[in-house]
Trainee: 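Quick one: structure below, then a few questions.
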Amino acid sequence: ALGPPPSSTAGGSAVAGAGFFDYARGKAVGMAPGARIAVYKACGEEGCASSDILAAFDEAIADNVDVLSVSLGAVGTAPNFYSDNTAVGAFRAVSKGIVVSASAGNSGPGDSTACNIAPWFLTVGASTLNRQFPGDVVLGNGETFTGTTLYAGEPLGANKIPLVYGGDVGSKVCEEGKLNATKVAGKIVLCESGVNARAAKPLAVKLAGGAGAILASTKSFGEQSITSPHVHPATAVSFVDAEKIKKYIRTQTSPSATIVFRGTVVGSTPPSPRMASFSSRGPNFRAPEIFKPDVTAPGVDILAAWTGANSPTELDSDIRRVKYNIISGTSMSCPHVSGIAALLRQARPEWSPAAIKSALMTTAYNVDSSGGVIGDMSTSDASTPFARGAGHIHPNSAVDPGLVYDASTEDYINFLCALGYTAKQVAVFGSSISCSKRAGSVGDHNYPAFSVVFTSNKVAAVTQRRVVRNVGSDTAAAYTAKVTAPDGVRVTVSPETLRFSSTEKTQEYVVTFAQRTTGSVTEKYTFGSIEWSDGEHSVTSPIAITWPTSKVAEM
Ligand SMILES: *[C@@H]1O[C@H](CO)[C@@H](O)[C@H](O)[C@H]1NC(C)=O
């Protein structure tokens, strides 16, 4: 079912008047509309078999593709790289010069939920854009709660109609067959999340003779609720708003409500982008010194092509067939980055997959449309780099990043050795080398970001090395470092100035992260950045520090 949305997002040609019914209607175009698309089937109705994933990678490699867009990944805790076939297939592809852009996953907002976390992936989180599909719940007392909906049928009237809570009429999650028709007929039902699919809840209400549904989001999602293309009047509200509506139902003798469908609203309120609550987070579960996710891109309520083989809700009873649908997930943000990577590949054919990733990461932006740090819908606060990665991609800057952090297949093998992999485990990646001859630390992998783990208060300092290559037009450029130190560490960069010439295109530097001996930190993770600038380019890498529990002050 995932085929058409990612492929049209990455490489769809321009089409006038695209939309889901009247929602998001207008000219739509993919990121790289001139690109040719090859599709390899790795998933079916029973999921994505490891053997099929590997076969798909092999076919794509044999076809000499430029970019692989991988909107799939392991579910649950990220597996070891040698037993993760998406990581193994991606390793082979990257070794052949193919960029592999992959979803971070939809398991947020908890820590270390990101999948596709090997350093050779370009790992993408999901954020909002400046477009909303509001559906307001208006209660009998006039209180209004703005939800989100893609309901496209006959609207409800302005008159308030009786409102009930699913838990009082047979099913708190509004399961089909469990709602009592006598108690639901003609009413709006408040449904909790979980058990059945979101779009199945209003359908269950419809079958019981109800007039509409209000879908509650989950607590961990904070202010976010998920938009669905409902077949019956419905809107999804945040957990907190649903609790208020529930309280209203409990305290009124004749609770009532209506839902007002407001269509498509584009604007600066709320600010965008904001990180989706579902977007999977760092730190990296398998290699904490490799910063993840890498970047963020649009992944909430994305209009894209849809298959004629399935309804927009993916429910059998939904007989609608549409050319375009609007869905959310890192499966939608990943192909945005894949398309941009294809444009970069064309503009800079000599760049490696690691150089393309570096360009996207070091030029990403971290500020939203209101000038604040990109927010996080799960907390209603500023997001951290473990949610947004190095930031939201900024394609026009990525084509001229100034410096790149490159990495070769050999660097990735060194990384596997630094993890302590056995010869047998390294052999899974097609390498016959013996790690015993190789030293090095994971933290020295030439990543365009820094992740430092202090395992105890006694570790005085951690040092990491990096090499940058000048890819700017000025071969004699000089770059100076500017550090924004995370709480709890002193950061020293040596040397502080990097001078390039026509014969010295690469320069090495060393960063030392020294624990401050006094005081404690208030968070388990603290963040900062290193920015190299020649006055024209700004090459910025996030820094993430993970602290031992003993260093974090009781709050
Ligand atoms: C449904 O509700 C009505 C009215 O309260 C009640 O009489 C009936 O027993 C309920 N049906 C079931 C199956 O619970």
Side-chain angles (χ1 to χ4, degrees), residues 2 5-6 9 24 71-73 75 101-117 122-134 146-150 193 198 215-229 235-241 265-266 269-282 292-304 325-338 364-370 372-393:
L2 277 177
T9 298
S71 283
L72 57 83
V75 177
S101 155
S103 309
N106 302 328
S107 309
D111 287 347
S112 296
T113 44
C115 65
N116 299 325
I117 51 179
L122 171 47
T123 312
V124 187
S127 43
T128 61
L129 29 78
N130 63 346
R131 184 177 63 197
Q132 315 269 311
F133 305 110
T146 298
T148 179
T149 181
L150 294 165
S193 66
R198 279 182 204 94
L215 310 191
S217 188
T218 47
K219 193 171 186 183
S220 69
F221 273 25
E223 65 183 275
Q224 188 169 28
S225 49
I226 303 295
T227 313
S228 306
T235 187
V237 298
S238 71
F239 178 85
V240 167
D241 285 352
V265 175
V266 173
T269 314
S272 59
R274 287 181 300 163
M275 292 311 301
S277 304
F278 60 75
S279 188
S280 292
R281 315 292 165 106
K292 289 286 170 176
D294 295 317
V295 290
T296 186
V300 176
D301 297 343
I302 303 303
L303 177 79
N325 198 3
I326 295 171
I327 53 178
S328 299
T330 54
S331 287
M332 280 68 249
S333 59
C334 158
H336 281 91
V337 176
S338 308
Y365 64 88
N366 289 283
V367 171
D368 70 15
S369 55
S370 72
V373 174
I374 291 172
D376 185 336
M377 296 180 87
S378 74
T379 59
S380 298
D381 213 336
S383 66
T384 76
F386 278 154
R388 67 180 189 268
H392 191 288
I393 59 163

Trainee: So which heavy atom on A24 is nearest to which on L303, and how close?
Mentor: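 Scanning both residues completely, I find the closest heavy atoms to be O-CD2, 3.8 Å.
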Trainee: Quick check against the 3.5 Å criterion: does T384 have a side-chain atom that pairs as donor or acceptor with the backbone of F386?
Mentor: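 Yes; at least one donor-acceptor contact below 3.5 Å.
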Trainee: Looking at every heavy atom in both P5 and I327, which two are closest together, and how far apart are they?
Mentor: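 Closest approach of P5 to I327, heavy atoms only: CG-CD1, 3.9 Å.
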Trainee: Which pair of heavy atoms, one from S228 and one from R198, lies closest together, and at what distance?
Mentor: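 Closest pair (atom of S228, atom of R198, distance): OG-CB, 3.8 Å.
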Trainee: Between OG of S217 and CZ of F278, what distance do you get to the nearest 0.5 Å?
Mentor: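 That separation rounds to 11.0 Å.
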Trainee: I need the H392 NE2 to S383 OG distance, nearest 0.5 Å.
Mentor: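 It is 11.5 Å, given to the nearest 0.5 Å.
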Trainee: Could you check R281, R274, R388 and say which one makes a salt bridge (Lys or Arg N to Asp or Glu O under 4.0 Å) with D376?
Mentor: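 Option passing the salt bridge (Lys or Arg N to Asp or Glu O under 4.0 Å) with D376: R281.
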Trainee: Between M377 and T128, does a side chain to side chain contact (heavy atoms under 4.5 Å, CB included) hold up when you go through it step by step?
Mentor: CA-CA 10 Å; M377 296 180 87; T128 61; 3.7 Å; yes
Trainee: For S328, which of T148, D301, T227 qualifies under side-chain hydrogen bond (donor to acceptor under 3.5 Å, both in side chains)?
Mentor: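 Single side-chain hydrogen bond (donor to acceptor under 3.5 Å, both in side chains) partner of S328 among T148, D301, T227: D301.
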Trainee: For the CG atom of N130 and the CG atom of D368, what is their distance to the nearest 0.5 Å?
Mentor: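 Spacing of CG (N130) from CG (D368) equals 11.5 Å.
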Trainee: Spell out, as yes or no, whether a donor-acceptor pair under 3.5 Å connects the side chain of N366 to the backbone of A390.
Mentor: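 Indeed, once roles are kept as given, a pair shorter than 3.5 Å links the two residues.
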Trainee: If I take atom OG from residue S369 and atom CD1 from residue I374, how far apart are they, to the nearest 0.5 angstrom?
Mentor: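 Interatomic distance, S369 OG to I374 CD1, rounded to 0.5 Å: 9.5 Å.
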Trainee: Taking only residues two or more places apart in sequence or in another chain, which ones pass side-chain contact (heavy atoms from CB on, under 4.5 Å) with S238?
Mentor: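 If we apply the side-chain contact (heavy atoms from CB on, under 4.5 Å) test to S238, skipping adjacent residues, the hits are V240, D241.
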Trainee: Using modelled atom types only, decide if a donor and an acceptor are shared between the side chain of S103 and the backbone of G105 within a distance under 3.5 Å.
Mentor: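 Side chain of S103 to backbone of G105: no pair is present.
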Trainee: Considering all heavy atoms of both residues, which atom of P134 and which atom of T146 are nearest to each other, and what is their separation?
Mentor: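 Minimum heavy-atom contact is CB-CG2, 3.8 Å.
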Trainee: Quick one: are N106 and S279 in side-chain contact, heavy atoms under 4.5 Å?
Mentor: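 Side-chain contact under 4.5 Å: no.
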Trainee: Which residues pass the ring-ring contact (aromatic ring centres under 6.0 Å, His included) test with F133, not counting sequence neighbours?
Mentor: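 Expected list: Y23.
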Trainee: Okay, side chain of T113, backbone of S280: is any donor-acceptor separation there less than 3.5 Å?
Mentor: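 No, the answer is negative, given that no donor and acceptor are paired below the 3.5 Å cut-off.
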Trainee: Does H336 reach the main-chain N or O of A297 with its side chain, forming a donor-acceptor pair under 3.5 Å?
Mentor: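 No; judged by distance alone, with no hydrogens or angles, the pair does not exist.
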Trainee: Grab the two heavy atoms, one from S225 and one from A236, that are nearest each other, plus how far apart they are.
Mentor: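 For S225 and A236, the tightest heavy-atom pair comes out as OG-O, 2.9 Å.
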Trainee: Determine whether V337 and V295 make a side-chain contact, defined as any pair of heavy atoms from C-beta on separated by less than 4.5 Å.
Mentor: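 A side-chain contact under 4.5 Å exists here.
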Trainee: Please report the C-alpha distance between Q132 and V266 in whole Å, then the side-chain angles of each, then the deciding distance to 0.1 Å, and finally whether the side chain to side chain contact (heavy atoms under 4.5 Å, CB included) criterion is met.
Mentor: CA-CA 6 Å; Q132 315 269 311; V266 173; over 6 Å; no
Trainee: I want to check something: taking the side chain as every heavy atom from C-beta on, are M332 and T9 in contact at a cut-off of under 4.5 Å?
Mentor: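 They are not in side-chain contact.
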Trainee: Side chain to side chain contact (heavy atoms under 4.5 Å, CB included) between S333 and T296: does it pass, once the steps are laid out?
Mentor: CA-CA 7 Å; S333 59; T296 186; 5.8 Å; no
Trainee: As an exercise, state the distance from CG of L72 to SG of C115, rounded to the nearest 0.5 Å.
Mentor: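 Those atoms lie 8.5 Å apart.
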Trainee: Quick one: OG on S331 to CD1 on I302, what's the gap to the nearest 0.5 Å?
Mentor: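 Separation between the atoms: 12.0 Å.
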Trainee: In the structure I gave you, are the side-chain heavy atoms of P273 and P298 within less than 4.5 Å of one another anywhere?
Mentor: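 A side-chain contact under 4.5 Å is absent here.
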Trainee: Please name the pair of heavy atoms, one in G125 and one in P293, separated by the smallest distance, quoted to 0.1 Å.
Mentor: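 Minimum heavy-atom separation between G125 and P293: N-CB, 4.5 Å.
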Trainee: Take T123 and N116 through the side-chain hydrogen bond (donor to acceptor under 3.5 Å, both in side chains) test and state the conclusion after the steps.
Mentor: CA-CA 6 Å; T123 312; N116 299 325; over 6 Å; no
Trainee: For a 4.5 angstrom cut-off between non-hydrogen side-chain atoms, does F221 reach I226?
Mentor: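 F221 vs I226: side chains touch.
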Trainee: If we ignore angles and hydrogens, is there a donor and acceptor under 3.5 Å between the side chains of S101 and S338?
Mentor: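 A pair is found: one side chain offers a donor N or O, the other an acceptor, under 3.5 Å apart.
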